[in-house]
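This report refers to the structure that appears directly beneath it.
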Amino acid sequence: MKTSEQIRRIADEMESELKAHEMPDANPQLIGRLRFLRSPLGALDTYASEKAGDLTAKAEIFYSARKHWDYPGGTALLRAQMFALLDRIRGVADTRERNGG
């Protein structure tokens, strides 16, 4: 499987998890799942891995017991930022695909 396909598959799985858990409630299992999904990105693409780390950090706030209450811009902005990071990860896959990887 090409690197671009692997990156896109990981982004799709992360998105699926986020969509399945729309409410900002404490969810340590989901955080663990996102970390697990992120782990192979380090060997595939540094930038994609960094963005997945940023996404996971935001998810740790969103899916916490209280931290999301104090997030500047509220939970809607936080969730939008997580999905924007998924778009950046997919952008890496698109660039790699155009360049043959």
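Worth saying up front: this structure is predicted, and the values here are computed from it rather than measured. Just the heavy atoms: all of them, side chains too, but no hydrogens, waters or symmetry mates, feed the values below.
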Discussion item. Does Y71 form a side-chain contact (heavy atoms from CB on, under 4.5 Å) with Q81? I'd like the steps, not just the answer.
Written reply: CA-CA 12 Å; Y71 192 79; Q81 289 172 336; 2.5 Å; yes
Worksheet, complete the sentence: With D45 as partner, the option from R96, K2, R38, K51 fulfilling salt bridge (Lys or Arg N to Asp or Glu O under 4.0 Å) is R96
Worksheet entry | From F36 atom CZ to T56 atom OG1, the distance as rounded to the nearest 0.5 Å | 13.0 Å
Practice prompt. Please answer whether the main-chain N or O of I61 pairs with a side-chain N or O of S64 as donor and acceptor at a distance below 3.5 Å.
Written response: yes
Response to the item:
What one should report as the nearest heavy-atom pair of R79 and L18 is NH2-O, 3.0 Å
Worksheet item: Which pair of non-hydrogen atoms, one from S4 and one from A93, has the smallest distance, and what is that distance?
Response: CB-O, 3.2 Å
Discussion item. Please enumerate all residues that pass side-chain hydrogen bond (donor to acceptor under 3.5 Å, both in side chains) together with E97, with sequence neighbours excluded.
Written reply: R8
Worksheet item: Hey, what do you get for CG (L55) to CD (E60), rounding to the nearest 0.5 Å?
Response: 10.5 Å
Worksheet item: How about L41 and I7: do any of their side-chain heavy atoms sit closer than 4.5 Å?
Response: yes
Worksheet entry | Exercise: identify the closest heavy-atom pair between P72 and L77 | O-CD2, 3.5 Å
Fill in: Residue pair Y63 / Q29, side-chain donor-acceptor N/O under 3.5 Å
no
Worksheet item: Can you check whether K58 reaches D54 side chain to side chain, under 4.5 Å on heavy atoms?
Response: no
Worksheet item: Got a sec, which residues hit side chain to side chain contact (heavy atoms under 4.5 Å, CB included) with M1, two or more places apart in sequence or on another chain?
Response: E5, Q6, R9
Discussion item. On a heavy-atom basis, which atom in T3 and which in L44 lie closest, and how many Å separate them?
Written reply: CG2-O, 3.9 Å
Worksheet item: So how far is it from L85 CG to R88 CZ, rounded to the nearest 0.5 Å?
Response: 6.5 Å
Worksheet entry | Close side-chain approach of M14 to F83, heavy-atom, < 4.5 Å | no
Worksheet entry | Exercise: identify the closest heavy-atom pair between T75 and F62 | O-CE1, 3.6 Å
Discussion item. Testing the basics here: between A26 and A65, what is the closest heavy-atom pair and its distance to 0.1 Å?
Written reply: CB-N, 3.9 Å
Worksheet item: Just how far is it from atom CG of D12 to atom CG of L86, taken to the nearest 0.5 Å?
Response: 9.0 Å
Worksheet item: Between atom CD of E15 and atom CE of M82, what is the distance when rounded to the nearest 0.5 Å?
Response: 11.5 Å
